[in-house]
Amino acid sequence: MSEASDIAVVRSLLFPWWDGHARDLPWRFGRTTPWGVLVSEVMSQQTQMSRVVPYWIAWMEVWPDARALSMASSAEVITAWGRLGYPRRALRLQSCARVVTEAYDDVLPRSYEELTALPGIGDYTASAVMSFAYGERIAVIDTNIRRVLSRVFLGIESQGGTASREERELAARVLPQDADESVTWNQTIMELGALVCSAKNPQCEQCPLARVCAFNLAGKPGLGHKPTRPRQHFKGTDRQVRGLILEALRTLPSGSRISHDDVAALWPVTGQLDSCLASLDEDGLIEIHPDSSVSFPS
DNA sequence: ATCCGGCCGT
DNA sequence: ACGGCGGGAT
């Protein structure tokens with residue numbers, strides 16, 4: 001599809017689809033604060049929404065705002081993060097809460113620059129907060145949006161790696177002028193990417209854009225062999241070992257320690273275990289005591 | 001096996 | 001620009 005005539009057409013197809021198919025996530029439709037939106041976005045970094053929902057609900061009940069989270073202990077925060085994965089995010093979120101509390105008096109800043117300066121908040125999350133929490137007109141760029149826009153308007157698969165200048169310009173070009181519409185646009189493109197226009201197996205039969213999508217009309221050239229960064233395996237990696245250690249601590253009564261022997265029993269490769277302990281310590285996710293026992297940080 | 005609403009240090 | 005960082009679902 002050649003663009004411009006067509007942005008309006010795409011919008012007219014997209015918005016009714018959003019009305020009928022948007023997932024009823026608890027942080028949507030004005031039911032939470034900007035801080036609540038930020039928490040949902042951080043939890044969603046590299047993690048599926050369906051897994052996020054119960055964690056977000058429980059988290060916001062305990063720590064409804066930045067000030068509350070800023071006063072929690074690291075141990076509580078890491079425990080509450082549970083099995084969401086990438087637990088450094090939990091610590092960064094708490095650092096973020098402390099900055100918001102102290103530097104901004106518990107009021108989340110409303111500019112992209114201030115948001116990206118916060119710990120754990122990069123381009124995507126800052127843009128998402130600006131759009132979804134504050135209703136500002138800004139192009140949100142994530143893997144879903146890159147994939148959908150590239151397919152619909154360019155007829156090709158988006159490349160892996162950092163978003164190219166072309167992709168950024170496309171996203172800016174097709175963003176509706178009206179601020180409210182731009183928010184719905186961002187959310188709808190993302191939702192379409194998550195539910196219909198998936199990477200490997202797009203459900204074009206159910207797609208509202210099937211008739212106008214350049215990629216579909218071109219016969220989906222190159223579907224499936226998009227060059228992406230090779231996925232890291234999980235089994236046997238440091239990430240698995242780190243996960244085992246944290247999982248062992250999480251299932252203990254709060255405040256207790258694990259002896260070095262019990263830690264050693266978690267993984268047979270001693271050298272790898274020790275380097276993982278060191279890296280967890282460095283990340284602030286555990287504390288190693290003089291007797292070599294291990295606990296969450298105090 | 002592949003993907004998932006990235007961020008950060010190097 | 002690259003590699004590390006969880007864990008679940010399909």
Side-chain angles (χ1 to χ4, degrees), chain A residues 22-23 25 27-28 37-56 78 81-93 95-96 115-133 139-149 157-165 171 183 185-203 223-250 272 275-276 278-280 282-286:
Chain A
R23 288 171 291 182
L25 303 169
W27 50 83
R28 282 183 173 168
V37 172
L38 182 144
V39 172
S40 79
E41 293 300 340
V42 171
M43 287 183 171
S44 303
Q45 293 165 0
Q46 300 287 282
T47 305
Q48 298 86 336
M49 314 281 356
S50 55
R51 295 174 53 207
V52 167
V53 170
Y55 286 97
W56 183 89
I78 299 164
W81 198 258
R83 305 183 68 79
L84 269 177
Y86 296 132
R88 295 188 296 189
R89 292 184 292 169
L91 255 26
R92 290 198 185 118
L93 182 57
S95 302
C96 177
L115 288 168
T116 48
L118 295 170
I121 310 301
D123 169 72
Y124 163 74
T125 306
S127 304
V129 168
M130 289 297 288
S131 180
F132 304 148
V140 175
I141 313 245
D142 77 323
T143 57
N144 281 139
I145 290 186
R146 287 173 63 188
R147 183 176 59 252
V148 174
L149 292 183
E157 294 285 37
S158 76
Q159 303 301 104
T162 314
S164 65
R165 192 168 59 82
V183 174
W185 173 270
N186 285 328
Q187 285 188 300
T188 308
I189 300 280
M190 281 182 85
E191 195 80 338
L192 195 67
L195 299 181
V196 176
C197 191
S198 55
K200 211 179 144 187
N201 207 255
Q203 306 295 305
L223 175 64
H225 46 86
K226 174 182 105 163
T228 56
R229 178 152 56 123
R231 285 290 144 180
Q232 298 160 294
H233 295 169
F234 178 56
K235 279 190 177 306
T237 62
D238 288 0
R239 288 186 301 152
Q240 183 185 14
V241 179
R242 287 165 54 104
L244 286 171
I245 296 166
L246 291 184
E247 175 65 13
L249 287 171
R250 248 188 254 116
Q272 186 181 21
S275 71
C276 287
S279 77
L280 286 168
E282 201 154 321
D283 288 342
L285 286 163
I286 64 169

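Note that the coordinates shown come from a computational prediction; the quantities given were computed from them, not determined experimentally. First the proteins, then the strands, lettered A, B, ... as listed; each starts at 1.
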For [X] and [N], give me the distance from atom [atom1] to atom [atom2], rounded to whole Å.
X: A:Leu223; N: B:dT2; atom1: CG; atom2: P; value: 14 Å
X: A:Arg146; N: B:dG6; atom1: CZ; atom2: C1'; value: 11 Å
X: A:Leu93; N: B:dC8; atom1: CG; atom2: C1'; value: 16 Å
X: A:Asn144; N: B:dG5; atom1: CG; atom2: P; value: 5 Å

Among residues at least two apart in sequence or on other chains, which ones pass side chain to side chain donor-acceptor pair (under 3.5 Å) with [X]?
X: A:Arg88; answer: none
X: A:Asn186; answer: A:Ser131
X: A:Ser279; answer: A:Arg242
X: A:Gln272; answer: A:Asp238, A:Trp267

> Among all residues two or more places apart in sequence or in another chain, which pass the side-chain contact (heavy atoms from CB on, under 4.5 Å) test with A:Ala248?
Replying inline: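 Listed in chain order: A:Ile258, A:Leu266.
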>> Can you list everything that forms a side-chain contact (heavy atoms from CB on, under 4.5 Å) with A:Thr237? Sequence neighbours excluded, please.
In response: A:Phe234, A:Arg239, A:Gln240
> Taking atom P in both C:dG8 and B:dC7, what distance in whole Å separates the two?
Replying inline: 23 Å
>> Please give the distance between the P atoms of B:dG5 and C:dG4 as a whole number of Å.
In response: 23 Å
> Base, sugar-phosphate alone, or nothing: which one does A:Leu25 contact when heavy atoms must sit under 4.0 Å apart?
Replying inline: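 Answer is base: heavy atoms of A:Leu25 come under 4.0 Å of a base.
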>> What residues from residues 121-133 of chain A pass a heavy-atom cutoff of under 4.0 Å to DNA chain C?
In response: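 The stretch gives none, as no residue of it lies under 4.0 Å from the strand.
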> If you find the nucleotide of DNA chain B closest to A:Arg23 and the one closest to A:His233, which residue's nucleotide is nearer the 5' end?
Replying inline: A:His233
>> Does the protein touch nucleotides 4-10 of chain C at the base, only the backbone, or not at all? Give it as B, S and - per nucleotide, heavy atoms under 4.0 Å.
In response: BBBBB--
>> Using a strict threshold of under 4.0 Å (side-chain N to carboxylate O), is an ion pair present between A:Glu157 and A:Arg147?
In response: no
> Which residues satisfy the ring pair (Phe, Tyr, Trp, His ring centres under 6.0 Å) test with A:Trp27, sequence neighbours excluded?
Replying inline: A:Trp56
> At their closest point, which heavy atom of A:Pro119 faces which heavy atom of A:Cys96, and how far apart are they?
Replying inline: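 Heavy-atom minimum between the residues: O-CB, 3.6 Å.
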